[in-house]
Protein chains: 2
Amino acid sequence: MPAAAYDIATSRPDAAPEFSPRQQAVLQHALTLLVEGGEKALTTAGLARTASCSKESLYKWFGDRDGLLAAVVAYQASQVHFPSEAGATADAATFRAHVTAFVEELLGVLFSETSLALNRLSIGQSNTNSNRLGQLLLERGKNMISARARAMLEAGRRHGLLKYDNAEDAYQVLYGLAIRDVHIRLLLGAASSPAEQDLKSQAKTAVDHFYRLFGA
Amino acid sequence: MPAAAYDIATSRPDAAPEFSPRQQAVLQHALTLLVEGGEKALTTAGLARTASCSKESLYKWFGDRDGLLAAVVAYQASQVHFPSEAGATADAATFRAHVTAFVEELLGVLFSETSLALNRLSIGQSNTNSNRLGQLLLERGKNMISARARAMLEAGRRHGLLKYDNAEDAYQVLYGLAIRDVHIRLLLGAASSPAEQDLKSQAKTAVDHFYRLFGA
DNA sequence: ACTCACCCGAACCGTACGGTACGGTTCACC
DNA sequence: GGTGAACCGTACCGTACGGTTCGGGTGAGT
């Protein structure tokens with residue numbers, strides 16, 4: 001009986017190691033292949049050759065190809081760390097700076113080639129396999145970020161710096177103001193304009209708009 | 001020599017017929033397969049069986065599988081028509097109603113299963129084939145819509161109803177306020193919440209926010 | 001030195017699918 | 001009625017890739 005494929009249900013988002021160093025190295029190779037050539041570039045034979053491991057090991061570790069893909073997503077999600085800066089929300093200026101930094105970080109992550117490749121992969125698979133990859137990306141990626149964002153906004157509201165009814169709605173607006181249609185354009189393969197690469201200015205504009213809507 | 005595959009370069013967005021009725025019927029079947037099962041459900045043999053045509057005809061009409069996919073995208077893009085309501089921008093209330101209707105229409109199109117399936121397809125292919133599908137979707141879909149939106153907003157600005165520096169930027173904000181992260185969540189296979197299915201209320205909220213930022 | 005777990009590399013198998021070829025049918029036009 | 005174009009259905013081919021198996025090698029523990 002082969003080892004079970006990576007199982008979305010039994011994995012906890014806070015489980016730290018989850019993969020051995022060797023496995024992480026292989027997953028990093030898989031990620032590189034994915035970024036370079038998309039899903040069809042990530043074949044089991046190709047990965048085994050690139051990562052200098054045997055296909056047997058791949059199947060032993062990840063169960064099957066779907067398990068491998070899920071592992072790649074989980075691995076990359078575990079690599080992304082947002083600095084938890086929700087602590088010092090002392091005065092209005094620093095809080096606003098924190099929000100701006102958060103947005104900039106968000107843009108940086110979402111527009112990175114790695115994130116784009118994984119989103120493309122998950123989206124391409126979203127109508128098969130009972131959609132494990134999409135679920136995984138939503139759980140480990142978007143929901144994590146949104147939870148942290150809501151916590152940050154709530155802190156601002158408690159300090160009387162923001163004003164809104166629903167934290168989730170407020171976050172959604174902030175997200176929309178920051179991302180607009182750039183994400184989908186990049187996912188479709190468009191090149192980002194020079195203005196879109198200036199994440200700092202993008203973030204500032206988005207936060208300016210956000211404060212005009214929800215600033216206290 | 002087989003017929004040339006559907007060529008993005010020589011096709012004009014305003015070319016009306018482009019496909020014979022029989023071909024359109026086949027493309028409609030292809031679209032159905034695509035919506036139901038994603039890209040891997042659209043095999044040449046499967047489409048030939050479903051649409052009661054021969055594989056030989058498919059290859060004659062569309063060149064190869066990539067040409068078929070491009071034809072599906074082009075066909076569906078030609079089916080989407082936004083009502084051109086930019087004419088009567090008489091008073092403030094009706095203009096705002098037009099903007100709201102536009103946003104609602106935009107949401108309806110982007111969140112439809114058909115649009116989602118085509119976006120998934122194009123995104124999944126965006127790092128292969130020199131990215132013909134992504135280009136096509138951007139040209140025929142997003143750019144068309146954005147051009148129309150800019151025209152509408154410009155009309156509002158000329159009538160002193162809106163105030164902004166850059167029409168494209170303003171449209172981007174409107175887009176972000178309307179779509180937020182719902183599009184990407186749906187692309188990833190998430191089910192839309194009941195609130196998200198109320199397009200009318202979504203559109204109203206987005207336009208409210210938009211006016212607070214850009215209303216004159 | 002023996003064993004055992006782990007793993008690499010390569011060969012192998014089955015199958016699904018893109019693409020082609022061919023015989024037979026319909027239908028328009030002469 | 002003859003002819004040719006368009007097309008359907010089916011059989012067929014080649015290949016790429018997921019998945020399995022096997023022989024050999026390495027290194028830690030006893």
Side-chain angles (χ1 to χ4, degrees), chain A residues 1-7 17-30 33-34 36-73 121 124-125 127-130 132-133, chain B residues 1-7 17-30 33-34 36-73 121 124-125 127-130 132-133:
Chain A
M1 178 176 115
Y6 180 78
D7 187 353
E18 191 159 15
F19 298 114
S20 75
R22 175 64 175 138
Q23 290 168 10
Q24 293 193 26
V26 171
L27 291 175
Q28 187 60 52
H29 279 286
L33 287 177
L34 216 48
E36 284 173 354
E39 182 195 347
K40 51 167 290 194
L42 182 54
T43 65
T44 55
L47 176 59
R49 187 168 2 94
T50 304
S52 295
C53 72
S54 69
K55 287 174 69 174
E56 189 178 24
S57 297
L58 292 182
Y59 284 96
K60 181 175 192 173
W61 294 334
F62 308 115
D64 57 8
R65 186 169 183 273
D66 285 342
L68 170 63
L69 297 181
V72 173
V73 172
L121 171 65
Q125 305 266 307
N127 27 23
T128 55
N129 312 332
S130 70
R132 288 173 53 204
L133 289 189
Chain B
M1 179 177 113
Y6 180 78
D7 186 352
E18 191 157 17
F19 297 114
S20 74
R22 174 64 175 139
Q23 290 169 10
Q24 293 193 27
V26 171
L27 291 175
Q28 187 59 53
H29 279 285
L33 288 177
L34 217 49
E36 283 172 356
E39 181 195 346
K40 51 169 290 193
L42 182 53
T43 65
T44 54
L47 176 58
R49 188 169 0 95
T50 305
S52 295
C53 72
S54 69
K55 288 175 67 174
E56 192 176 21
S57 296
L58 292 181
Y59 284 96
K60 181 175 191 174
W61 293 334
F62 307 114
D64 57 9
R65 186 171 183 272
D66 285 341
L68 171 63
L69 297 180
V72 172
V73 173
L121 170 66
Q125 305 265 308
N127 28 22
T128 56
N129 314 332
S130 72
R132 288 173 54 202
L133 289 189

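Fair warning: this is a prediction, and the values are worked out from it, not measured in the lab. In the text below, chain A, chain B and the rest are named by the order of the sequence lines, each starting its count at 1.
Distance from the side chain of B:Y59 is smallest to C:dG19 among D:dG19, C:dC7, C:dG19.
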Review point. How far apart are the C-alpha atoms of B:L27 and B:L68, what are their side-chain angles, what is the distance that settles it, and do they pass the side chain to side chain contact (heavy atoms under 4.5 Å, CB included) test?
Key: CA-CA 8 Å; B:L27 291 175; B:L68 171 63; 4.1 Å; yes
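The distance from atom CZ of B:R65 to atom P of D:dA16 is 16 Å, rounded to the nearest whole Å. Rounded to whole Å, the distance from CG on B:L68 to C1' on C:dC17 is 14 Å. The interatomic distance linking A:E39 (CD) with D:dA16 (C1') rounds to 14 Å, in whole Å. Spacing between atom CG of A:L33 and atom P of D:dC17 amounts to 12 Å, rounded to whole angstrom units. Rounded to an integer number of Å, the gap from A:K60 NZ to D:dC22 C1' is 15 Å. A:D66 places its CG atom 11 Å from the C1' atom of D:dG18, with the value rounded to the nearest Å. In this structure, B:F62 places its CZ atom 14 Å from C1' of D:dC7, rounding to the nearest Å.
Across A:V72 and A:A30, no two heavy atoms sit closer than the pair CG2-CB, 3.8 Å. Smallest separation of non-hydrogen atoms from B:A51 and B:R22: O-NH2, 3.3 Å.
Listed by residue number, B:K55, B:E56 are the residues of residues 45-58 of chain B with a heavy-atom contact under 4.0 Å to DNA chain C.
Between A:T44 and D:dG18, a side-chain N or O to OP1/OP2 separation shorter than 4.0 Å is present. Put simply, B:W61 has no side-chain N or O that comes within less than 4.0 Å of OP1 or OP2 on D:dA6.
Between the B:Q24 side chain and the B:F19 main chain, a donor and an acceptor come within less than 3.5 Å of each other. Judged by distance alone, the side chain of B:R65 and the main-chain N or O of B:L42 form a donor-acceptor pair under 3.5 Å.
For the side chain to side chain donor-acceptor pair (under 3.5 Å) test, residues two or more places apart in sequence or in another chain that qualify with B:S57 are B:S54.
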